[in-house]
There are 2 protein chains.
Amino acid sequence: MADKLCAIGQAITLSPGVELPSGENEHRLVYIASGAAKLLVQESPGTPRAGPAATSSGPARHVMGFHFPGDIVSLQRRGEGGSSLVALSETDLLVFSADEFLDVAQDDPAVLRSVLIKSLESLQRTRTRMMRLGHQTARQRVAGFLISMAKRLCGCTHGECEFVLPMGRGDIGDSLGLTIETVSRQFTDLREEGLLSTSGRSLVALPDIDALKNEAGA
Amino acid sequence: MADKLCAIGQAITLSPGVELPSGENEHRLVYIASGAAKLLVQESPGTPRAGPAATSSGPARHVMGFHFPGDIVSLQRRGEGGSSLVALSETDLLVFSADEFLDVAQDDPAVLRSVLIKSLESLQRTRTRMMRLGHQTARQRVAGFLISMAKRLCGCTHGECEFVLPMGRGDIGDSLGLTIETVSRQFTDLREEGLLSTSGRSLVALPDIDALKNEAGA
DNA sequence: CGATCAATTGACTTAGCTCAAAGCATGTGG
DNA sequence: CCACATGCTTTGAGCTAAGTCAATTGATCG
């Protein structure tokens, strides 16, 4: 089974800032083997972005979320709300055509079922996150973001923790519906309260994740 | 196939304001046959809500979205982020245990596959909506909401349209991450600009959906 | 025809955005 | 190995959209 799946998967390595080539207008499933990536939505369809210097600028970036090794991402390229995947660091991917994947998986209902369950769970998580975006303050969003990163990047859910954030403040802000400046100010506040410390731009340490959770709660 | 599915589905009718009884802590799929319902998330786990007068008040309501005939809703009851379904009007449902449903559907990979595709699409829609909630103004959200309702309640995507909103301003606000007052003010503004007219609390008319779309865009 | 609850309107407050100017990292060339 | 340049981050000042509190109007039902 795994052999058959691997046979139709295409291994790709992306350098930081590079977008996964969009192939045809087909629905794809991407398994992230290593690295880190952000999932974007195309707001403006007319963004050629021909040059190699895709400095991630542009009129309206919209980061939907971040993905790390082990994640499976569904990439739908349906005109307006189409999504794309951009590497944050050196990233290894395994790309499947959704159709081919399902054809192969069809022989094994258990696989199909587990993918379905996984995607329903993902839906639930996204819903919960959506609801929160509508009702939380900047502080709660940033605290929640840090907790989530601690969990996903080094598996920590309690006590202290240290990790490298692969994305910049701008991407964090976009994913939380905040501006760069607001994210930075929240970082500063948390730093002054001893809930966070940083060195360089991307190394962060959380001395007390449980205390942070109090800040993230409603 | 359809017979087998119907055999394990339980038909339930809910009166306005009534929550679908939560059964056990299992994952359920609900098909909406008629009426209208809102999908909520439980924020505070310790809400007994024993009395019959569940007047939908409480500390923090969180409306995730609205559902209408034809929709299939995945209800996951996993402690914190568990969801529940509350009828807005007299509503007929068909409730499935997710496990039983999948057991039966397993015989027919095509069904499983189509449910998977549907849920991936739903995920995509939710993601897009989430992203928008983070970046849109109150006016854009309300305009977008009205357009979405026109489409879902009477299939209109152009020209003019009239329909009954089954939910109150509070539910609308919650689902958009706005307050009752802000929703009301946006309604007033749109009314004064001739983009909307209302009679009573719940009958709305959209004279020009296309003009509304301009207001909803980024 | 009132009672009750939802919707509207108003006055005020504030969280977060915008615009603008420094301060630092990181990487490159001498 | 150090100086410089670029771009990310931080900080500041002012503004605005939306929230809060409070009162009024309007709708719906007994």
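These numbers were taken from a predicted model, which means no experiment stands behind them. Every chain is numbered from 1 and lettered A, B, ... according to where its sequence line falls, protein lines coming before strand lines.
- A salt bridge does not link B:Arg28 to B:Glu100: none of the charged side-chain nitrogens sits closer than 4.0 Å to a carboxylate oxygen.
- The distance between atom CZ of B:Arg169 and atom P of C:dC5, rounded to the nearest whole Å, is 18 Å.
- The interatomic distance linking B:Asp174 (CG) with D:dA18 (P) rounds to 17 Å, in whole Å.
- A distance of 7.5 Å separates CG in B:Leu75 from NE2 in B:His27, rounded to the nearest 0.5 Å.
- In terms of position on DNA chain C, the residue among B:Arg201 and A:Arg139 whose nearest nucleotide sits closer to the 5' end is B:Arg201.
- Protein atom CZ of B:Phe187 is 16 Å distant from nucleotide atom C1' of D:dG26, rounded to whole Å.
- Rounded to whole Å, the distance from CD1 on B:Ile180 to C1' on D:dA23 is 15 Å.
- No hydrogens or angles were tested; on distance alone, a donor-acceptor pair under 3.5 Å links the side chain of A:Arg185 to the base of D:dG12.
- In this entry the distance linking CG of A:Leu203 with C1' of C:dT26 reads 15 Å, nearest Å.
- Looking at heavy-atom distances under 4.0 Å, A:Ser184 makes contact with a base.
- Across the protein-nucleic acid pair, A:Asp189 atom CG and C:dA15 atom C1' stand 12 Å apart, rounded to whole Å.
- If A:Gly200 and A:Gly177 are placed on DNA chain C by their nearest nucleotide, the residue sitting closer to the 5' end is A:Gly177.
- The side chain of A:Thr179 lies closest to C:dC17, out of C:dC17, C:dG16, D:dT10.
- Heavy atoms from other residues, nucleotides or ligands lying under 6.0 Å from CD of B:Glu26 number more than 12.
- Out of C:dT8, D:dA18, C:dG16, the shortest distance to the side chain of B:Thr137 is found at D:dA18.
- At a threshold of 4.0 angstrom between heavy atoms, the contacts of B:Arg141 with the nucleic acid are absent.
- We find that CG of A:Leu178 is positioned 16 Å from C1' of D:dT9, with the value rounded to whole Å.
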Output, in order, the C-alpha distance, side-chain angles, deciding distance and verdict of side chain to side chain contact (heavy atoms under 4.5 Å, CB included) for A:Gln140 and A:Thr137. CA-CA 5 Å; A:Gln140 292 172 329; A:Thr137 65; 3.3 Å; yes
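- Salt bridge absent: A:Lys38 and A:Glu19 never bring a charged side-chain N and a carboxylate O closer than 4.0 Å.
- Computed from coordinates, the A:Glu181 CD to D:dT11 C1' distance equals 10 Å when rounded to whole Å.
- The nucleotide whose nearest atom lies closest to any side-chain atom of A:Thr182 is, among D:dG19, C:dG16, C:dA7, C:dG16.
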